[in-house]
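For clarity, every value in this text was computed on a predicted model and none was experimentally measured.
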Amino acid sequence: LSELGSESAKIKAMGIMDKLSTDKTVKVLNILEKNIQDGSKLSTLLNHNNDTEDEERLWRDLIMERATKSADACLTAINIMTSPNMPKAVYIEDVIERVIQYTKFHLQNTLYPQYDPVYRVDPHGGGVLSSKAKRAKCSTHKQRVIVMLYNKVCDIVSSLSELLEIQLLTDTTILQVSSMGITPFFVENVSELQLCAIKLVTAVSIF
């Protein structure tokens with residue numbers, strides 16, 4: 001899927017995606033939707049009290065692998081839809097909604113907690129930490145896999161703004177996209193995402 005994401009970006013840049021068979025492209029999108037769904041609601045912030053540290057780390061690695069795979073599927077689907085001169089058949093509503101669902105979930109549950117401690121859940125059962133949590137104490141070191149996922153999600157958010165300029169979306173979908181574009185401005189340490197969100201919010205306002 002990672003290779004497919006890279007190749008689809010190249011084909012999009014070359015402007016030849018529309019030369020592919022529409023039927024085959026639609027089949028690929030339907031397969032991609034299943035792969036997006038696989039990681040769309042996987043929580044990466046695990047805290048299994050009964051597991052050893054090694055077991056939890058292995059389980060977290062497996063979850064992150066599936067989440068990253070789904071991100072690659074999202075990027076491939078968006079690359080197909082935002083390529084020039086694509087037929088209407090490729091703008092499958094279920095696939096678009098699945099991409100948005102995946103992106104919103106992992107922003108809220110994976111990336112924001114990693115980059116801003118205010119969004120972290122208190123491990124002692126106190127719920128989300130209050131805004132009084134000292135952001136300065138947040139470690140700047142991030143796992144490579146988290147940084148990779150962050151970059152992929154930034155690309156997805158940026159590509160969604162392109163999709164808005166091409167395809168008419170339902171009001172419900174636009175509301176979801178709007179909230180996804182506004183929330184990053186209330187999160188610390190996500191400047192790259194905020195730049196992508198500006199593009200998304202601008203596209204929504206024009207829409």
Side-chain angles (χ1 to χ4, degrees), residues 1-2 5-6 9 36 39-47 60-61 63-79 81-82 96-123 126-165 169 173-207:
L1 277 163
S2 177
S6 300
I36 296 167
S40 62
K41 290 190 175 181
L42 288 174
S43 176
T44 59
L45 303 174
L46 304 174
N47 186 25
R60 194 189 304 272
D61 287 347
I63 295 293
M64 285 304 303
E65 184 181 326
R66 286 173 64 187
T68 304
K69 179 193 73 170
S70 293
D72 287 322
C74 286
L75 282 171
T76 305
I78 293 289
N79 284 338
M81 293 181 187
T82 55
I96 295 169
E97 288 181 0
R98 193 73 71 187
V99 170
I100 293 168
Q101 179 188 62
Y102 169 89
T103 309
K104 282 190 72 174
F105 181 87
H106 283 288
L107 282 172
Q108 292 285 351
N109 297 280
T110 303
L111 298 174
Y112 293 161
Q114 286 287 342
Y115 284 82
D116 189 339
V118 168
Y119 286 81
R120 289 180 193 165
V121 175
D122 186 345
V128 177
L129 291 172
S130 71
S131 58
K132 293 179 182 178
K134 295 183 178 178
R135 283 176 158 139
K137 286 188 176 180
C138 179
S139 170
T140 54
H141 175 70
K142 298 285 181 297
Q143 287 181 298
R144 186 178 63 85
V145 68
I146 288 291
V147 174
M148 185 168 63
L149 184 63
Y150 173 76
N151 290 331
K152 288 179 189 293
V153 170
C154 285
D155 288 341
I156 295 168
V157 171
S158 182
S159 296
L160 281 170
S161 63
E162 291 181 53
L163 184 62
L164 280 171
E165 294 168 4
L169 303 180
T173 305
I174 288 296
L175 284 171
Q176 289 191 63
V177 171
S178 298
S179 68
M180 189 167 68
I182 292 168
T183 309
F185 298 106
F186 300 95
V187 184
E188 296 283 336
N189 309 312
V190 289
S191 54
E192 300 88 356
L193 178 62
Q194 288 168 349
L195 285 173
C196 297
I198 288 173
K199 287 177 62 180
L200 188 59
V201 171
T202 304
V204 169
S205 64
I206 294 171
F207 184 92

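- The NZ atom of K69 sits 9.0 Å away from atom CG of L42, with the distance rounded to the nearest 0.5 Å.
- Rounded to the nearest 0.5 angstrom, L107 CG and M180 CE are separated by 7.0 Å.
- Panel note: side chain T103, backbone V99; a donor-acceptor pair is recorded below 3.5 Å.
- The heavy-atom pair separating L149 from A71 by the smallest distance is CD1-CB, 3.9 Å.
- Among the candidates L111, V157, I198, T183, the single residue satisfying the side-chain contact (heavy atoms from CB on, under 4.5 Å) test with L193 is V157.
- Here the straight-line distance linking atom SG of C74 with atom CD of Q101 works out to 10.0 Å at 0.5 Å rounding.
- A pairwise comparison of heavy atoms in V201 and I182 identifies CG2-N, 4.2 Å as the closest pair.
- Counting heavy atoms from C-beta outward, I78 and L163 have side chains that approach closer than 4.5 Å.
- Interatomic distance, CG of D155 versus CD of E192, reported as 11.0 Å (0.5 Å rounding).
- The nearest pair of heavy atoms linking V204 to S178 is CG1-OG, 3.3 Å.
- S158 places no side-chain N or O within 3.5 Å of a backbone atom of C154 that could act as its donor or acceptor partner.
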**Q.** Stepwise side chain to side chain donor-acceptor pair (under 3.5 Å) test for Y119 and Q114
**A.** CA-CA 8 Å; Y119 286 81; Q114 286 287 342; over 6 Å; no
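- Under the 4.5 Å side-chain criterion, counting only non-hydrogen atoms from C-beta, V118 is not in contact with Y112.
- If you check the side chains of S179 and K104, you find a donor sitting under 3.5 Å from an acceptor.
- No donor-acceptor distance shorter than 3.5 angstrom exists from the side chain of R66 to the backbone of G39, with no hydrogens or angles considered.
- The nearest pair of heavy atoms linking S40 to Y102 is CA-CD1, 3.7 Å.
- Judged as a ring pair (Phe, Tyr, Trp, His ring centres under 6.0 Å), and not counting sequence neighbours, F105 has no contacts.
- Note: I156 CD1 to S161 OG = 12.5 Å, rounded to the nearest 0.5 Å.
- Looking only at distances, no side-chain donor or acceptor of E188 sits under 3.5 Å from a matching main-chain atom of D116.
- In this structure the side chain of Y115 reaches within 4.5 angstrom of the side chain of I146, judged on heavy atoms.
- The structure places CD1 of I36 at 10.5 Å from CG of D72, a figure rounded to the nearest 0.5 Å.
- Put simply, the side chain of K152 reaches to within 4.5 Å of the side chain of M148, judged on heavy atoms.
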